[in-house]
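Values below: all heavy atoms of this structure, side chains included; hydrogens, waters and symmetry mates excluded. The shown structure was predicted, so the numbers you read here are calculated from the model rather than taken from an experiment.
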Amino acid sequence: MSGRGLLVAVEGIDGAGKTTLARGIVKRIQDKGMLAHYTMEPTHNLIGELIRSLTREYRDPRIEALLYAADRLHHYLNEIKVKLDEGYIVVVDRYIYSSIAYQGALGAPIDWIRLLNKYVPKPHLAFYIDIPIDIALKRIKTSRSKPSFYEEPGILEKARRIYLDLVSQGELILLDGTKPPEIIINKALDIIENYLRRP
Ligand code: TYD
């Protein structure tokens with residue numbers, strides 16, 4: 001990992017509350033007078049917008065995995081790395097693990113997804129906010145007029161299982177997404193602060 005900053009990823013299925021958590025962490029770090037930067041994937045750059053505009057005929061998990069990996073590498077080189085080099089704590093709302101969970105759930109081989117993403121570094125800390133699928137679907141229904149391509153119970157269930165496997169393998173830190181946002185944010189901040197204090 002290059003640079004002096006810290007890279008923190010926030011992961012979860014749709015409706016888990018990632019964005020609230022990621023933005024909340026950034027705000028609280030900034031309030032302490034430290035440098036923090038929020039960013040998200042898919043990005044709003046050229047490749048990210050291309051992904052958002054894909055029609056059904058391009059909706060093959062392998063094509064998606066390639067595009068998400070390209071969006072991510074561009075994002076890393078042009079934004080994340082720059083901020084890390086400037087000493088920021090960068091909080092990224094979805095990262096490599098979203099490709100493993102979602103494109104993996106849709107049938108792309110996980111080892112191959114990892115290989116595609118080998119040129120972006122793993123985050124120092126990666127949080128996974130877990131919520132049961134029925135709660136996720138209820139939250140999605142009230143927050144969006146049109147569900148996205150992935151917001152389908154079978155896919156979300158598989159993605160959740162892959163995320164939970166990554167928790168058991170020690171790659172992701174589990175947070176309980178059914179708890180109030182303040183509690184989740186406090187827990188994440190404690191973990192980040194402990195990490196920063198490590199010898
Ligand atoms: P999401 O964080 O829900 O963005 P928004 O709040 O703008 O809807 O991400 C959009 C979708 O992108 C989400 O359903 C998961 C999907 N996704 C993947 O399938 N693979 C990936 O690698 C990434 C980054 C996202």
Side-chain angles (χ1 to χ4, degrees), residues 7 9-23 37-83 90-123 126-131 133-166 171-172 177:
L7 181 57
V10 179
E11 294 281 352
I13 58 168
D14 303 77
K18 292 173 295 85
T19 306
T20 308
L21 177 75
R23 288 195 181 279
H37 178 70
Y38 169 87
T39 186
M40 63 185 278
E41 293 182 2
T43 67
H44 286 287
N45 302 321
L46 205 63
I47 307 170
E49 290 301 341
L50 169 67
I51 294 169
R52 290 172 208 277
S53 69
L54 289 182
T55 51
R56 268 208 183 254
E57 63 191 308
Y58 291 97
R59 287 284 188 195
D60 178 290
R62 294 161 300 182
I63 296 174
E64 289 180 6
L66 288 162
L67 291 174
Y68 279 116
D71 185 38
R72 184 164 300 124
L73 183 55
H74 179 270
H75 187 203
Y76 177 73
L77 295 174
N78 291 278
E79 183 172 344
I80 296 174
K81 184 178 184 308
V82 176
K83 289 290 182 189
V90 177
V91 180
V92 58
D93 185 341
R94 295 199 182 282
Y95 197 53
I96 306 170
Y97 307 104
S98 282
S99 289
I100 295 176
Y102 282 83
Q103 280 60 58
L106 289 159
I110 288 177
D111 288 349
W112 178 71
I113 299 171
R114 286 189 185 275
L115 193 63
L116 288 182
N117 285 279
K118 72 175 257 195
Y119 295 111
V120 295
K122 286 194 175 175
F127 294 108
Y128 164 64
I129 313 173
D130 186 53
I131 52 163
I133 302 299
D134 53 333
I135 300 182
L137 291 171
K138 245 181 249 158
R139 287 190 189 168
I140 291 164
K141 223 188 254 167
T142 49
S143 69
R144 284 209 231 272
S145 47
K146 198 169 120 289
S148 97
F149 176 71
Y150 305 105
E151 292 164 2
E152 200 232 281
I155 293 171
L156 292 183
E157 191 64 72
K158 277 193 196 150
R160 183 184 185 216
R161 212 168 307 135
I162 296 173
Y163 273 134
L164 288 171
D165 284 347
L166 295 170
E171 283 199 77
L172 298 178

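Closest of all the heavy-atom pairs between Thr142 and Arg139 is OG1-O, 3.1 Å. Listed here is the closest heavy atom pair of Gln103 and Ser98: OE1-O, 3.9 Å. The minimum heavy-atom distance linking Leu66 with Leu116 is given by the pair CD2-CD2, 3.7 Å. In this structure, Leu137 and Pro153 approach most closely via the heavy-atom pair CD1-CG, 3.8 Å. In plain terms, the two heavy atoms of Ile13 and Leu156 that are nearest each other are CG2-O, 3.9 Å. Nearest heavy-atom pair across Ala22 and Asp93 is CB-CB, 4.4 Å.
Distance check, rounded to the nearest 0.5 Å: NE2 of His75 to CZ of Arg72 gives 9.5 Å. Taken to the nearest 0.5 Å, the CG atom of Leu166 stands 11.0 Å off from the CD1 atom of Ile96. Within the model, atoms NE2 of His74 and CD1 of Ile47 stand 6.0 Å from one another, a figure rounded to the nearest 0.5 Å. Leu67 contributes atom CG, which lies 10.5 Å from atom CG of Asp60 (distance to the nearest 0.5 angstrom). Between the CD1 atom in Ile133 and the NZ atom in Lys138 there is a gap of 12.5 Å [rounded to 0.5 Å]. Between Leu73 atom CG and Lys81 atom NZ the span is 12.0 Å, to the nearest 0.5 Å.
Paired with Pro123 under the rule side-chain contact (heavy atoms from CB on, under 4.5 Å), one option of Leu7, Ile80, Val90 passes, and it is Leu7.
For the residue pair Arg94/Tyr68, the side-chain donor-acceptor check at 3.5 Å is not satisfied. For the residue pair Asn117/Tyr76, the side-chain donor-acceptor check at 3.5 Å is not satisfied.
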### Query
Where do Val91 and Leu21 land on the side-chain contact (heavy atoms from CB on, under 4.5 Å) test, with the steps shown first?
CA-CA 10 Å; Val91 180; Leu21 177 75; over 6 Å; no

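The shortest side-chain heavy-atom distance between Tyr102 and Asp14 falls under the 4.5 Å cut-off. Between Lys122 and Arg114 there is a side-chain heavy-atom pair separated by less than 4.5 Å. Using a 4.5 Å heavy-atom cutoff, the side chains of Asn78 and Asn45 are not in contact. The side-chain heavy atoms of Glu171 and Ile100, taken from C-beta on, include no pair separated by under 4.5 Å. Two residues are said to be in side-chain contact when any heavy atoms from C-beta on lie closer than 4.5 Å; Glu41 and Val92 meet this criterion.
Judged as a ring pair (Phe, Tyr, Trp, His ring centres under 6.0 Å), and not counting sequence neighbours, Tyr95 has no contacts. Residues satisfying the side-chain hydrogen bond (donor to acceptor under 3.5 Å, both in side chains) test with Tyr128, not counting sequence neighbours, are Asp130.
In this structure a side-chain-to-backbone donor-acceptor pair under 3.5 Å is present from Arg52 to Thr43. Checked by atom type and distance alone, the side chain of Asp71 pairs as donor or acceptor with a backbone atom of Gly48 at under 3.5 Å. Distance alone, capped at 3.5 Å, places no donor-acceptor pair between the Arg160 side chain and the Gly12 backbone.
Counting heavy atoms of neighbouring residues, nucleotides and ligands inside a 6.0 Å radius, atom NZ of Lys158 does not exceed 12 of them.
Salt-bridge annotation for Glu11 and Lys18: absent, with no side-chain N of the basic residue lying under 4.0 Å from a carboxylate O of the acidic one.
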